[in-house]
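Chain letters run A, B, ... following the sequence lines, proteins first and then strands; every chain starts at 1.
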Amino acid sequence: MYQIKVLISQKESVIDPVARALQEAVNAWGADEFSEFQTKKVIECKVAADSKEEAEQRAQELAEKILVNDAMEDYELCVEEAR
Amino acid sequence: MKAAIISFSGASGNLELAEALETQTNFTVHMVDDQTTDLSEFDLIFLPGGSSYGDSLRPGAIAAQTPVAEALKNTRENQKIIGIGNGFQILCEMRLLPGGFLLNKSLNFHEEFVAINFEQEELVLPVSAKFGQFVLFEELSTEQIVMRYKNGSPFGKDATDVAAVKNEDGRVLGIFAHPERACQSWQQSPDGAQFFHWLETEFARKEGDR
């Protein structure tokens, strides 16, 4: 059994309204040393697979078919043996 | 003409759309659910508004994975599809319409009656959404742009002012405002009636009809 974590973020070319609002809040606070805010969605699940390679392959299919809108979003995958 | 309204789980707009179509058009209206796999008997297929599946993951994302999605992707040349509000968002998620929707600049739900340019007329129609900033990833032809917000997107200045679009072959229409909430004499604006008249006499018209 493998544990999958998918981190989904807006593509750089697409605005991230929450990140922008956080930057404005931080600027208003006077703490302009903070920059490049980015928000990500985390989806976790388990997958039954015979190998880590198979788990990664299936995780990528899950991300691309169900979880991610590839016109607006990028994603990162983390796959580990489930504890 | 036979019209289907797809009832997606959690979506609130199917009944008011049925009421609008029954009072404003001559379509015979049928309610179908999102588990339906056969839409072949219908001339027109409507995806109504109202936060299907609670806008989970992204607005329209879960609805775009239901069994009815395959039927929508395999309609015939003489069938037309119309998405209103969340219905427009579902069609974008299914890649049947261009573009996508982002959270409003205010990060909050927003609704108001706005001026919209449509067919050389100005209509006042309600908009109502939390994810209303419409963004485009490709150039559209002039024929594809059906409505524009007169004063820019009411959801955020980074969004396009496009309020309704068609796909390349013109069979699929998405409109983000809600004409079904503005067509009866007792509603705040009656201008939606003009949209339904255009829908019936222009958009839904089949080749060879007059």
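- With contacts defined as side-chain heavy-atom distances shorter than 4.5 Å, the pair B:Asn104/A:Pro17 does not qualify.
- Atom CD of A:Glu44 is surrounded by more than 12 heavy atoms from other residues, nucleotides or ligands within 6.0 Å.
- Only the side chain of B:Leu107 comes within less than 4.5 Å of a heavy atom of chain A; its backbone N, CA, C and O stay farther away.
- A:Gln10 places no side-chain N or O within 3.5 Å of a backbone atom of B:Leu102 that could act as its donor or acceptor partner.
- Using a 4.5 Å cut-off between heavy atoms, B:Phe131 does not touch chain A at all.
- The number of heavy-atom neighbours closer than 6.0 Å to NZ of B:Lys130, taken from other residues, nucleotides and ligands shown, is 12 or below.
- Interatomic distance, CG of B:Leu103 versus OG1 of A:Thr39, reported as 9.0 Å (0.5 Å rounding).
- When side chains are defined from C-beta on, A:Ile43 counts as touching B:Leu57, because their heavy atoms get closer than 4.5 Å.
- By the neighbour-count criterion of 12 heavy atoms within 6.0 Å, atom CD of A:Glu54 is densely surrounded, having more than that number from other residues, nucleotides or ligands.
- The shortest distance between side-chain heavy atoms of B:Gln133 and A:Ile15 falls below 4.5 Å.
- The local environment of CD in B:Gln35 is crowded, with over 12 non-hydrogen atoms from other residues, nucleotides or ligands closer than 6.0 Å.
- In this structure, A:Met72 and B:Phe137 have side chains that are in contact, with non-hydrogen atoms separated by less than 4.5 Å.
- At most 12 non-hydrogen atoms from other residues, nucleotides or ligands lie less than 6.0 angstrom from CD of B:Gln120.
- Residues A:Asp70 and B:Arg95 form a side-chain contact, since some pair of their non-hydrogen atoms from C-beta on lies under 4.5 Å apart.
- Atom CG of B:Asp169 sits in a crowded spot, with more than 12 heavy atoms from other residues, nucleotides or ligands closer than 6.0 Å.
- Atom CD of B:Glu138 has more than 12 heavy atoms from other residues, nucleotides or ligands within 6.0 Å.
- Counting heavy atoms from C-beta outward, A:Ile8 and B:Arg58 have side chains that stay 4.5 Å or more apart.
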